[in-house]
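Computed from heavy atoms alone, side chains included, the values below leave out hydrogens, waters and symmetry copies. Just follow the structure's listing: the first ligand is 1, and inside any ligand the first atom is 1.
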Amino acid sequence: MIAFTPWPEDDAQRYRAAGCWIDLPMTDILERQCRESAGSSADGIAVICGERAITYRELDAQSTRLAAALARRGLTKDDTALVQLPNVAEFYIVFFALLKIGVAPVNALFSHQRLELTAYAQQLQPKLVIGAASHPLFADSAFADVLRALVPDLAHLLVLGAGLEEVLAEEGLVPAFAPSAAGEPAFAPSAAGEVAFFQLSGGSTGTPKLIPRTHNDYYYSVRRSAEICRLDRATRFLCALPAGHNFLLSSPGALGVFCAGGAVVLAPSPEPLGCFALIEQHGVTMAALVPSAVVLWLQAAPERRAQLASLRLLQVGGASFAEALARRVPQELGCALQQVFGMAEGLVNYTRLEDPEDKVYTTQGRPMSEFDEVRVVDLDGQPVADGEEGLLTTRGPYTFRGYYNAPEHNARVFDADGFYATGDLVRRSADGYLTVVGRVKDQINRGGEKIAAEEVENLLLRHPGVLQAALISVPHPLLGEMSCACIVPRDGEDVLRPPLLRQYLREQGVAEFKLPDRFRMLPTLPLTAVGKTDKVALRAQTTIQ
Ligand code: OOB
């Protein structure tokens with residue numbers, strides 16, 4: 001079994017009794033669709049990717065074929081995998097294939113580079129790595145050598161565009177249906193109460209953290225989300241943000257769409273012209289965006305409104321969405337708005353489709369489940385009154401109980417009752433709606449992409465010319481926030497030019513979105529009473545033109 005922090009037994013029993021946890025692996029999502037269409041000629045489309053339209057039966061068959069091929073190569077339950085794929089159909093084929101053999105993957109973002117991937121590989125020690133030749137890291141074999149040096153057990157590296165296709169097409173005995181000597185099927189998913197895969201934490205610390213998600217908890221969040229968003233067979237969902245991100249995978253995301261028998265239309269990016277064309281071509285009914293992408297859609301829409309005729313619902317989440325922009329969505333894009341405030345760690349809040357306008361425009365919704373427990377507390381952990389600002393803490397049937405292999409960090413972010421401190425500052429109304437007003441975690445939310453300040457600061461501090469470094473957020477009209485590195489150079493250091501520092505960071509192998517947008521050179525950094533860098537003061541004295 002892959003190690004993770006379980007829920008206390010009485011909570012687990014409660015979640016089962018209530019029907020949240022149904023003790024089925026997530027492979028049930030596909031099996032159910034295939035069962036329901038068995039005998040009928042109707043085989044609905046599951047995924048549209050470029051010119052390809054893949055039906056549910058094909059998705060099931062292809063993922064089984066890949067599962068079998070991987071099982072033949074010795075991959076088995078409790079192994080882990082590191083996967084980095086762009087928004088292509090293979091993302092879902094691989095995801096289900098790995099679920100079918102009980103191999104738990106982590107889906108790295110396509111924007112991730114060497115530093116992020118090696119951090120995940122080091123923590124997970126995967127037996128399998130799947131990448132894409134369209135990513136610079138997998139364009140040649142240099143990175144494979146780096147990975148092999150870090151992960152002695154790494155047995156297989158498959159690259160889309162350089163070999164993975166052949167494995168996908170491989171014929172041969174399907175071991176699932178060929179009982180082994182002991183009469184057991186040669187592969188099967190991990191137990192529903194165990195880790196299905198790992199989500200990525202937005203992070204606020206030096207090392208990126210992994211979030212174990214079990215079948216039971218994740219499958220529940222997917223089913224409940226699909227219900228709230230009223231997905232059905234007619235749903236055509238545009239996935240234009242990274243397919244592995246929790247929002248696009250489960251809120252309700254592609255997995256929610258698969259539960260309902262609808263279709264996922266993949267887009268390489270949220271860039272409006274390409275997305276509008278896909279919406280028109282495929283009759284897309286629903287899309288999910290971060291606020292910065294909504295701004296681009298609003299700019300592009302007036303000339304092209306007719307292309308959006310089929311769009312019924314736009315979900316917006318991942319970062320704060322200004323009320324003034326929210327109000328423009330129905331008017332200018334011709335669809336309903338749903339705000340989504342979620343996190344890879346679990347808790348997801350939605351405004352409901354039937355909510356009055358003021359709720360939809362001014363709040364980030366309320367928890368999806370009646371079993372979500374939310375406590376809004378002050379700095380001493382004492383509950384604050386409704387309507388007052390406080391720190392959001394939560395526990396529930398799909399909120400994790402511990403980061404992977406991170407006991408010290410877990411001790412900091414969970415209280416004695418198992419409530420997870422999200423790091424978000426919120427106000428809760430008497431009827432349970434949350435409005436996000438800020439955050440206490442040391443993170444920059446750059447248009448929905450999360451940057452852990454400490455991670456970038458540590459990289460900057462490795463530069464010989466940098467004495468001190470603090471990464472802060474500064475307002476940005478499109479992204480909401482961008483990052484600014486405040487740097488105290490070492491004595492006599494006069495060549496710390498921003499382009500060179502950025503180049504230095506790039507050479508460290510960090511994702512491009514984490515490179516500071518701005519640099520400020522300072523003689524000293526302001527300190528708090530206890531001697532820590534005073535980022536509040538730094539932000540207050542940093543104005544960017
Ligand atoms: C989603 O997940 P993550 O893990 O990338 O980021 C979570 C953090 C939250 O703790 C909060 O700080 C911020 O992103 N956030 C929002 C927000 N939605 C997320 N801040 C303000 N308003 C919102 N609507 O971002 C995520 C996961 C599932 C569904 C939607 C978003």
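- The shortest N/O to N/O separation between V316 and ligand 1 does not fall below 3.5 Å.
- Considering only non-hydrogen atoms, atom 19 (C) of ligand 1 lies nearest to G342 out of G317, P242, G342.
- There is no side-chain donor-acceptor pair under 3.5 Å between S310 and R236.
- In terms of polar-atom proximity, V348 is not counted as a contact of ligand 1, lacking any N or O under 3.5 Å from an N or O of the ligand.
- Remark: minimum distance from atom 8 (C) of ligand 1 to any protein heavy atom is reached at K450 CE, 3.7 Å.
- For Y15 and Y220, the ring centers are positioned 6.0 Å apart or more.
- Polar contact check, L200 against ligand 1: no nitrogen or oxygen pair lies under 3.5 Å apart.
- Evaluated by nearest non-hydrogen atom to atom 29 (C) of ligand 1, the leading choice among G480, G365, G438, S251 is S251.
- Taking atom 24 (N) of ligand 1 as the reference point, the nearest protein heavy-atom neighbour is V340 O, 2.8 Å.
- Closest to atom 18 (N) of ligand 1 among all protein heavy atoms lies G318 N, 3.0 Å.
- By the 30° and 60° cut-offs, the orientation of the rings of H409 relative to Y403 is tilted.
- Taking a cutoff of 4.0 Å between a charged side-chain nitrogen and a carboxylate oxygen, E345 and K450 do not qualify as a salt bridge.
- Contact annotation for Q364 and ligand 1: only side-chain heavy atoms (C-beta onward) come within less than 4.0 Å of the ligand.
- Relative to the six-membered ring of F419, R375 meets both conditions, a distance below 6.0 Å and an angle of at most 45° to the axis.
- Considering backbone and side-chain atoms alike, N246 places every N or O at 3.5 Å or more from each N or O of ligand 1.
- The heavy atom nearest to atom 4 (O) of ligand 1, out of those in A344, S225, A319, G202, is found in A344.
- Salt bridge status for D23 with R16: present, with a side-chain N to carboxylate O gap under 4.0 Å.
- Seen from the ring of Y219, R223 counts as a face-on cation partner, given the 6.0 Å and 45° thresholds.
- With ligand atoms numbered from 1 in the order given, ligand 1 contributes 20 (N), 21 (C), 22 (N) to contacts under 4.0 Å with heavy atoms of S320.
- Ligand 1 is approached by H245 to a heavy-atom distance shorter than 4.0 Å.
- Proximity annotation for atom 11 (C) of ligand 1: of L392, V426, D424, D424 comes nearest, heavy atoms only.
- A salt bridge links D11 with R401: the distance from a Lys NZ or Arg NE/NH1/NH2 to an Asp or Glu carboxylate oxygen falls below 4.0 Å.
- Aromatic pair F197/Y218: centroids less than 6.0 angstrom apart.
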